[in-house]
Amino acid sequence: MIDQEPRLKIAIQKSGRLADESVNLLKNCGLSFDVSNQKLLSPVRNFPIDILYLRDDDIPRMVERGVSDLGIVGNNVFDEQGDVIDPLLPLGFGRCKLTVGVPTQSEYQSLEDLRNKTIATSYVNLTGTFFTSIGVPVLLEKLDGSVEIAPSIGAADAISDLTSTGSTMTLNDLRPIADIFDVQSFLIANRRIDEFGKQKIIDRLVMRIKAVLTAKDYKYVAMNAPQSAIEQIRNIMPGLKSPTVTPLAEAGWFSIQSVLPENRYWELLEELQKAGAEGIIVLPIEKMVL
Ligand code: PRT
Ligand code: ZN
């Protein structure tokens, strides 16, 4: 019998807020596949995986049942549904918050003020668990859409809904009083994946995803500096190990290369300049394996 390499399936959102970023992430991992609006499944040409396009709400259940081995979906969906899956890796996109909002003119200021009040939400489990954890009993009214209008039509005293900029709440005359759950997309996996050698393929994909995500957090930096500045520059650079230092043609001068964290590189550049670095070049990093 021929020992064939298994093929995995990964479910991503067909269209919506997570669709483009999910496709981009997989493409940045070097996966080659065609995307079309009509397609429900794309085979990847250069990696043993097929991409399934689904509604985001269906992804955790399909992964739980093993119809798909992997999925990309928000933790708001799988935590709300209570699906039994392994969240392997946070992916850093699709970020938002589950926020409690009250009518702007209402007297409610804090979560405690909502004791025994009615809260409309599509996220009854997340919201209920949260209010239980803080010891404030509330009544929950499940709505699948148009949650924001619930207070104005008299269906609820407050709402609990996803927000990113907060403008939808403001537009509907609501005032946020507390963020109760942080949302982002995760790579999720079926719990019983270790059959048929699939785990090895998942490990390869996870390594690639981590390399793509890590690269986003850093910049590559190269600069020239006189020997007298090198010690100080080394102390400024929070690089991976020590920076690479190579002599330049001009005596007493060196080229220094390292990486800087994305969230601090402007301030570190100023410090490097003060320490005597010249000709500083900063480049984005495409992939980075720690
Ligand atoms: O068709 P399908 O079922 O696949 O998609 P969907 O319509 O259910 O979901 P979609 O595409 O709207 O969102 C998919 C996922 O994106 C969500 O499950 C979250 O994990 C994540 N996400 C990130 C968001 C938001 N940000 C977000 N802002 N999901 C919804 N919103 C809503 C929010 O509720 C509000 O109504 O966007 C509106 C605008 O928000 P503000 O605060 O910027 O005004
Ligand atoms: Zn959905």
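In each ligand, atom 1 is the first atom listed, and ligand 1 is the first ligand listed. Start at 1 with the first residue, then count along the sequence.
- Taking atom 20 (O) of ligand 1 as the reference point, the nearest protein heavy-atom neighbour is Asn76 OD1, 2.8 Å.
- Heavy-atom proximity to atom 37 (O) of ligand 1, evaluated over Arg95, Lys97, Arg17, is greatest for Arg17.
- Residues Leu269 and Leu260 have side chains in contact (heavy-atom distance under 4.5 Å, counting atoms from C-beta outward).
- A donor-acceptor pair is defined here as one N or O able to donate and one able to accept, closer than 3.5 Å; such a pair exists between the side chain of Thr104 and the backbone of Asp173.
- For atom 36 (O) of ligand 1, the nearest protein heavy atom (residue, atom name, distance) is Glu148 OE2, 3.3 Å.
- Here's the thing with Leu54: none of its N/O atoms is less than 3.5 angstrom from an N/O atom of ligand 1.
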Identify each donor-acceptor pair in which a side-chain atom of residues 49-71 lies under 3.5 Å from a protein atom, sequence neighbours left out, and give them as a table.
unit_1: Asp50; atom_1: OD1; unit_2: Arg7; atom_2: NE; d: 3.1
unit_1: Asp50; atom_1: OD1; unit_2: Arg7; atom_2: NH2; d: 3.0
unit_1: Asp50; atom_1: OD2; unit_2: Arg7; atom_2: NE; d: 3.4
unit_1: Tyr53; atom_1: OH; unit_2: Ser42; atom_2: OG; d: 3.0
unit_1: Glu64; atom_1: OE2; unit_2: Val84; atom_2: N; d: 3.1
unit_1: Ser68; atom_1: OG; unit_2: Lys9; atom_2: O; d: 3.2
unit_1: Ser68; atom_1: OG; unit_2: Ala11; atom_2: N; d: 3.2
unit_1: Ser68; atom_1: OG; unit_2: Leu70; atom_2: O; d: 2.8
unit_1: Asp69; atom_1: OD1; unit_2: Lys198; atom_2: NZ; d: 2.8
unit_1: Asp69; atom_1: OD2; unit_2: Lys9; atom_2: N; d: 2.7

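- For ligand 1, none of its N or O atoms has an N or O atom of Tyr123 under 3.5 Å away.
- The main-chain N or O of Gln184 is found under 3.5 Å from a side-chain atom of Asn75 such that the two form a donor-acceptor pair.
- Counting heavy atoms under 4.0 Å from ligand 1, residue Thr163 touches it through both backbone and side chain.
- Counting atoms of ligand 1 from 1 in the listed order, those under 4.0 Å from a heavy atom of Cys96 are 22 (N), 23 (C), 24 (C), 25 (C), 26 (N).
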**Q.** From CA spacing to verdict: side-chain contact (heavy atoms from CB on, under 4.5 Å), Ile72, Leu18
**A.** CA-CA 8 Å; Ile72 293 179; Leu18 309 180; 5.6 Å; no
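- For ligand 1, the polar-atom distance check finds an N/O of Gln13 within less than 3.5 Å of one of the ligand's N/O atoms.
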Q: Give the C-alpha distance, both sets of side-chain angles, the deciding distance and a yes or no for side-chain contact (heavy atoms from CB on, under 4.5 Å) between Ile230 and Phe254.
A: CA-CA 8 Å; Ile230 289 177; Phe254 291 81; 3.5 Å; yes
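- Nearest-residue assignment for atom 43 (O) of ligand 1 (options Ile59, Ile159, Thr165, Val183; heavy-atom criterion): Thr165.
- Annotation: Tyr265 is not in aromatic contact with Tyr218 [ring centroid separation under 6.0 Å not met].
- Every atom of ligand 1 is numbered from 1 in the order shown, and the set under 4.0 Å from a heavy atom of Ser167 is 42 (O), 44 (O).
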Q: Would you check, one step at a time, whether the test side-chain contact (heavy atoms from CB on, under 4.5 Å) holds for Ile193 with Asp86?
A: CA-CA 10 Å; Ile193 210 72; Asp86 276 334; over 6 Å; no
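- Proximity annotation for atom 40 (O) of ligand 1: of Thr168, Leu98, Leu171, Asn172, Thr168 comes nearest, heavy atoms only.
- Regarding atom 3 (O) of ligand 1, its nearest protein heavy-atom neighbour is Arg55 NE, 2.6 Å.
- The residues Arg264 and Glu267 are annotated as salt-bridged, a charged nitrogen and a carboxylate oxygen being separated by less than 4.0 angstrom.
- The nearest heavy-atom contact from the protein to atom 28 (N) of ligand 1 is Ser164 OG, 2.9 Å.
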Q) When you look at Phe181 and Tyr123, which way does the ring pair (Phe, Tyr, Trp, His ring centres under 6.0 Å) test go after all the steps? A) CA-CA 11 Å; Phe181 185 81; Tyr123 295 95; 8.3 Å; no
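- Less than 4.0 angstrom separates some heavy atom of Gly16 from each of these atoms of ligand 1: 11 (O).
- In summary, Lys142 and Asp144 engage in a salt bridge, as defined by a charged side-chain N under 4.0 Å from a carboxylate O.
- When heavy-atom distances to ligand 1 are checked against a 4.0 Å cut-off, Leu18 comes that close only through its side chain, counted from C-beta outward.
- Regarding atom 14 (C) of ligand 1, its nearest protein heavy-atom neighbour is Asp56 OD2, 3.4 Å.
- Closest approach between the Zn ion (ligand 2) and any N/O/S atom of Asp56 involves OD1.
- Looking at atom 21 (C) of ligand 1, its nearest protein heavy atom turns out to be Gly94 O, 3.8 Å.
- With a 4.5 Å cut-off on side-chain heavy atoms, Ile285 and Lys219 do not count as touching.
- At least one N or O atom of Leu162, backbone or side chain, sits closer than 3.5 Å to an N or O atom of ligand 1.
- Restricting Asp57 to its N/O/S atoms, the shortest distance to the Zn ion (ligand 2) is reached by OD1.
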